[in-house]
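Below is one structure; the comments refer to it alone.
Worth knowing before you read on, the calculation uses all heavy atoms, side chains too, and leaves out hydrogens, waters and symmetry mates. Just so it is clear: chains get the letters A, B, ... in the order the sequence lines come, proteins before strands, and each one is counted from 1.
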There are 2 protein chains.
Amino acid sequence: MRDVARRAVRAEIAAKAMQLFLAQGFEATTVKQVAAAVGMSGRSLFRYFDTKEDMVIGGLVELGHDVAAALELRPADEDPWTALRHALEVCVDSLEEDELGLRRAKMLATTASLRTAMLDKHLRWQQILVPHVEKRLRDSGQPQAEALAARALVSAALSCLDVAAVAWTEAEGARPLTNLVDQAFAAVRS
Amino acid sequence: MRDVARRAVRAEIAAKAMQLFLAQGFEATTVKQVAAAVGMSGRSLFRYFDTKEDMVIGGLVELGHDVAAALELRPADEDPWTALRHALEVCVDSLEEDELGLRRAKMLATTASLRTAMLDKHLRWQQILVPHVEKRLRDSGQPQAEALAARALVSAALSCLDVAAVAWTEAEGARPLTNLVDQAFAAVRS
DNA sequence: CCACGTTTGTCAGTCGCTGCCATGCCCTCG
DNA sequence: CGAGGGCATGGCAGCGACTGACAAACGTGG
């Protein structure tokens, strides 16, 4: 029950922070300003977020588990690559749903420290997704595929998502993100 | 002619820094210590390297151009994916040549800030390699493939290299890196 | 030998982030 | 009801990476 309050505070902070970041830029905004905007001491901010970047990205870790759940729902005989493609649709949806997603994505794509933070998040997603893909490989007969294949597949898939997202922001969201992800995945399948 | 001296100083600093980093860890080593070891003020260090991480990774940017050159040498009718695989062999060689490469790779894989710096470097490599892959796609008939396909291919290929390198360090270099890269590339081709 | 540009050191400062300690809050138990 | 134990918060001092500004030392060319 206390976790509820904590989550609510986190969400509130993240919202106010995003507001500031979008208004005057991520790097140009200090944590003190965020603290002031939220009515909190700077010290306490870091009791809710480990990093300034986490105020933007923090909520996306749980999305990784959503992807894993979606992956689990795909038919067992589907090959891992297309299964991953379909599972990642939940990310596509979460980005496309509100037009604020585009502005946020653009900030993520253009700010250096945020880009690297995103890549870190991808590493966590990778750790979440790899076991599921391994199971999938085992079930479909691959005898000696080992962990390496699973890691390569997940990493490549996330790269495709990333590339598609960047292209999406560059096009100002004109082309639907789903198509871009499809193209990226198709290009790698060769 | 002055650039020669500058490059020599950079190399000297990087060498002494690596020595310290390997001895007592990257994060546990302050720039002041590196400065002292090299007989320089901390301020001047940052006139040779933008970042502490650059002292480890800095030299690898040029390697991206080597990869591009190797890519250019591949037969024009080779499909992009295998062409990239062969071009990346220059990275494999540069990592495998001395056993210091393994220790460095292990440090790169385990230190958080260095991992993200590596991913940044991959982004630069991506920018270098994408034009060449684009040309390759155009030449081989792909009419409307556009930039997206090239970016996806390069990004996925670098992911595979990264995954293979991590697996290589985890195995203490027991299995040859080349084979691991082959497996990663094969896994994605599906 | 003197002017000039480059390189270097020093100092002070910013910013993200952390540890420590004190304060105030609520909740429970006696 | 009042005392005690968590728990969230604030303030402060500090670290470490990094930067700007200024001045001193250096080498080179006139």
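- Using a 4.5 Å cut-off on side-chain heavy atoms (C-beta onward), B/Arg115 and A/Leu119 make no contact.
- In this model, the phosphate group of C/dC15 is not approached by any side-chain N or O of A/Thr30 to a distance below 4.0 Å at OP1 or OP2.
- In this structure, the CG atom of A/Leu45 is 14 Å from the C1' atom of C/dC15, given to the nearest Å.
- Taking only side-chain atoms of B/Phe46, from C-beta outward, the nucleotide of C/dG16, D/dT19, D/dT9 with the closest atom is D/dT19.
- Between B/Lys32 atom NZ and D/dC15 atom C1' the separation is 10 Å, expressed in whole Å.
- Relative ring orientation between B/Trp81 and B/Phe185 is described as tilted, the plane-to-plane angle lying within the 30° to 60° band.
- Toward the 5′ end of DNA chain C lies the nearest nucleotide of A/Phe26, the other residue of the pair A/Arg43 and A/Phe26 mapping further downstream.
- You'll find that the side chain of B/Lys52 is closest to D/dC18, out of D/dG10, C/dT8, D/dC18.
- Atom C1' of nucleotide D/dC7 and atom CZ of A/Arg47 are separated by 10 Å, given to the nearest angstrom.
- In this structure, B/Asp54 places its CG atom 13 Å from C1' of D/dA17, rounding to the nearest Å.
- To the nearest angstrom, P of D/dG16 lies 21 Å from CZ of B/Phe49.
- Between the side chain of A/Ser155 and the backbone N or O of A/Ala152 there is no donor-acceptor pair closer than 3.5 Å.
- Put simply, the side chain of A/Glu96 never gets that close to the backbone of A/Pro176: no donor and acceptor are under 3.5 Å apart.
- Nearest to the side chain of B/Glu53, among D/dC18, D/dG10, C/dG9, sits D/dC18.
- In this structure, NE2 on B/His122 lies 12.0 Å from OG1 on B/Thr116, to the nearest 0.5 angstrom.
- Put simply, CZ on A/Arg10 is 13 Å from P on D/dT9, counting in whole angstrom units.
- Considering only side-chain N and O atoms, B/Ser41 lies nowhere under 4.0 angstrom from the phosphate OP1 or OP2 of C/dT10.
- Each of D/dT9, D/dC18, D/dA21 was ranked by its minimum atom distance to the side chain of B/Thr51; first place goes to D/dC18.
- Spacing between atom CG of A/Asp50 and atom P of C/dC17 amounts to 9 Å, rounded to whole angstrom units.
- Nucleic acid contact for A/Ser113: none, since no nucleic acid atom lies under 4.0 Å from a heavy atom of the residue.
- The phosphate of D/dA8 has neither OP1 nor OP2 within less than 4.0 Å of any side-chain N or O from A/Tyr48.
- Residue A/Glu27 contributes atom CD, which lies 12 Å from atom C1' of C/dG16 at whole-angstrom precision.
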